[in-house]
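Okay, so here's the structure we're looking at.
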Amino acid sequence: MSERTAESEPKTVLLRRGEVHSPADPFATAMVVERGQVAWVGSEGAADAFADGVDEVVDLDGALVTPAFTDAHVHTTATGLALTGLDLSTAPSLEAALALVRDFAANRPHDRVLLGHGWDSARWPGGRPPTRAELDEATGGRPLYLSRIDVHSAVVTTALLDLASLGRVDGPLTADAHHTVRSAALGAVTPGQRAEAQRAALAHAASLGIGTLHECAGPDISSEDDLTGLLRLAAEEPGPRVVGYWAEQDVHKARELGAAGAAGDLFVDGSLGSHTACLHHPYADADHTGIAYLDVDAVAAHVVACTEAGLQAGFHAIGDAAVTAVVEGVRAAAEKLGLARVRAARHRVEHAEMLTPETIAAFAEFGLTASVQPAFDALWGGEDGMYARRLGGDRARALNPFAALLKAGVPLAFGSDSPVTPLDPWGTVRAAAFHRTPEHRVSVRAAFTAHTRGGWRAVGRDDAGVLVPGAPADYAVWRTGELVVQAPDDRVARWSTDPRSGTPGLPDLTPGRDLPVCLRTVVGGRTVFVRPGE
């Protein structure tokens, strides 16, 4: 394949001599794209009939073509700032993190506020975050905002507290104090810096075969200008599609901003890592049950308002008490409006980590989409992980029950919550298929569907995220190893390469194997990424 830049207009293209992942033809080796849609999929022998009527022929040379991924939960500007700024996610210790802060401050002398992300003291020897005094020394007294890896708490310098008009607060900031310092820090980012960060994030997503991002914005997370600027940039420049959500109970504001819903990170609670997820029973390592931001009545009122306005409602809920509040609020809304109207609205719950059989059944009853992040389990699960430290082994093993959700018929949409965990679609599929708790594992095929078609269904589109005639031509081309087929009731083993299965193959994602490499990403028939040299 030849290198080229992003296109301004879609072309008629024939892709041939590859493997096309399509339910329309499980043995397809060719595909035609016309006017931004998939026009045909089929065999190499039949492709000759189209060769003279297209603008371009792409020789796949054995590469795999799949639907482009949809990342159903992203913070685009924050992702871009992490890509271009201070990333502490790999710091192995407090001392190493402080050294990175010193170097960053020295290399950014003109930044009004220093921004960083990704520290995780739970993984450091000693287990403590940096103090305000240590950060003051490392920055030379400049304003600094460092968000924890879960973005639900932060450590800051004295200068940033002064800029945010807060008193001398020590320790990680949570809840309203965190929102205040974050607003002050992000308010210092210029429109030019913001657009640069957004372009960096979108370009990175395209390079990973991601065709659509669900931006989870809100007044406590970003700003109105951030969301509208991102939606405008995505509409005007070639790149991944962006669907915006605005996390505020003002339904009219969400519509005014061009959001698909008053949803996303509308906080019912916080996070487990920051001890702010709302639990029915106290944390194993703290004598409280977290923070509740919305109660059942508030949830019910919001679901009613959004349903009547024809918008999606959605909530951030991680702890079991928070998930219960969402379920009971949606139940009250359904009793008022009727179950059919609530189900038709396809409301969403972000994260939904601490589920029970009863709340899973309620998700299925009310048609709630579970917008979940499998990489959370890969990062924090396991017998010795953060989940176990926060909750104890029994509760930790119950987290993120993807198999039970699928078995109950709950719609799944996969995302990263980037920059909390990186944009990494194949890694996300692997994390779901090889969940640290075996009974929660799903097949690679089911995980792939949740990360492609599931994201489209989460915004009310049932005609996309799959390569069949008439679907949007959002696809990615991959260099990968042998394709394998996994039966729907498999978990990890019993792989099959038998073509008689009639099931399109996918890459072997067994841990230790290389993940596929994206060669080209196409959105609406427009090429938005080509790997150099391909």
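Just so you know, these numbers use all the heavy atoms, side chains as well, and skip hydrogens, waters and symmetry mates. No experiment lies behind these values; they were computed from the predicted model shown.
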TODO: Tell me, with the steps shown, if Thr157 and Thr139 meet side chain to side chain donor-acceptor pair (under 3.5 Å).
DONE: CA-CA 8 Å; Thr157 57; Thr139 61; 5.0 Å; no

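- The aromatic rings of His75 and His73 stand perpendicular to each other, their planes meeting at an angle above 60°, with 30° marking the opposite boundary.
- Salt-bridge formation is not detected for the pair Glu196/Arg199: no Lys NZ or Arg NE/NH1/NH2 atom is positioned less than 4.0 Å from an Asp or Glu carboxylate oxygen.
- For Glu134 and Arg132, the salt-bridge test fails: no basic side-chain N is under 4.0 Å from an acidic carboxylate O.
- Trp478 places a side-chain heavy atom less than 4.5 Å from the side chain of Cys518.
- Counting heavy atoms from C-beta outward, Ile210 and Thr70 have side chains that stay 4.5 Å or more apart.
- Nearest heavy-atom pair across Phe414 and Ala432 is CE1-CB, 3.6 Å.
- A distance-only check finds no donor-acceptor pair linking the side chain of Thr521 to the backbone of Ser207 [under 3.5 Å].
- Counting heavy atoms from C-beta outward, Glu248 and Pro219 have side chains that approach closer than 4.5 Å.
- Not less than 6.0 angstrom separates the ring centroid of Tyr387 from the ring centroid of Phe376.
- Counting all heavy atoms, side chain and backbone alike, Gly319 lies closest to Asp269 at N-OD2, 2.8 Å.
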TODO: Would you sort out whether Ser147 and His178 count as a side chain to side chain donor-acceptor pair (under 3.5 Å), showing the intermediate values?
DONE: CA-CA 9 Å; Ser147 54; His178 177 219; over 6 Å; no

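- A salt bridge links Arg346 to Asp462: one of the charged nitrogens lies within less than 4.0 Å of a carboxylate oxygen.
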Tabulate below the donor-acceptor pairs under 3.5 Å that side-chain atoms of residues 467-476 make, not counting sequence neighbours, or state none.
| from | atom 1 | to | atom 2 | distance (Å) |
| --- | --- | --- | --- | --- |
| Asp474 | OD1 | Arg241 | NH2 | 3.0 |
| Asp474 | OD1 | Gly524 | N | 2.7 |
| Asp474 | OD2 | Arg241 | NE | 2.7 |

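- Of the residues listed (His302, His152, His351), the one engaging Phe267 in a ring-ring contact (aromatic ring centres under 6.0 Å, His included) is His152, and it is the only one.
- A salt bridge links Arg168 to Asp162: at least one charged side-chain nitrogen sits closer than 4.0 Å to a carboxylate oxygen.
- Using a 4.5 Å heavy-atom threshold, the side chains of His316 and Val268 count as separate.
- The shortest non-hydrogen separation linking Thr421 to Ser416 is OG1-O, 2.5 Å.
- Enclosure of atom CZ in Arg35 is not indicated, since only 12 or fewer non-hydrogen atoms of other residues, nucleotides or ligands lie within 6.0 angstrom.
- For Thr369 against Ala413, the heavy-atom pair with the smallest separation is CG2-CB, 4.1 Å.
- Contact record, Pro129 with Trp124: CA-CZ3, 4.3 Å, taken as the closest heavy-atom pair.
- Here the side chains of Trp119 and Pro172 are in contact, with some heavy-atom distance below 4.5 Å.
- A side-chain donor from one of Asp87 and Ser89 sits under 3.5 Å from a side-chain acceptor of the other.
- Within the 4.5 Å cutoff, no side-chain heavy atoms of Thr12 are placed close to those of Val33.
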Open item on the list: Run Asp417 and Gln373 through side chain to side chain donor-acceptor pair (under 3.5 Å) and show every step you take.
Closed with: CA-CA 7 Å; Asp417 198 11; Gln373 294 73 42; over 6 Å; no

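- Using a 4.5 Å cut-off on side-chain heavy atoms (C-beta onward), Phe448 and Thr66 make contact.
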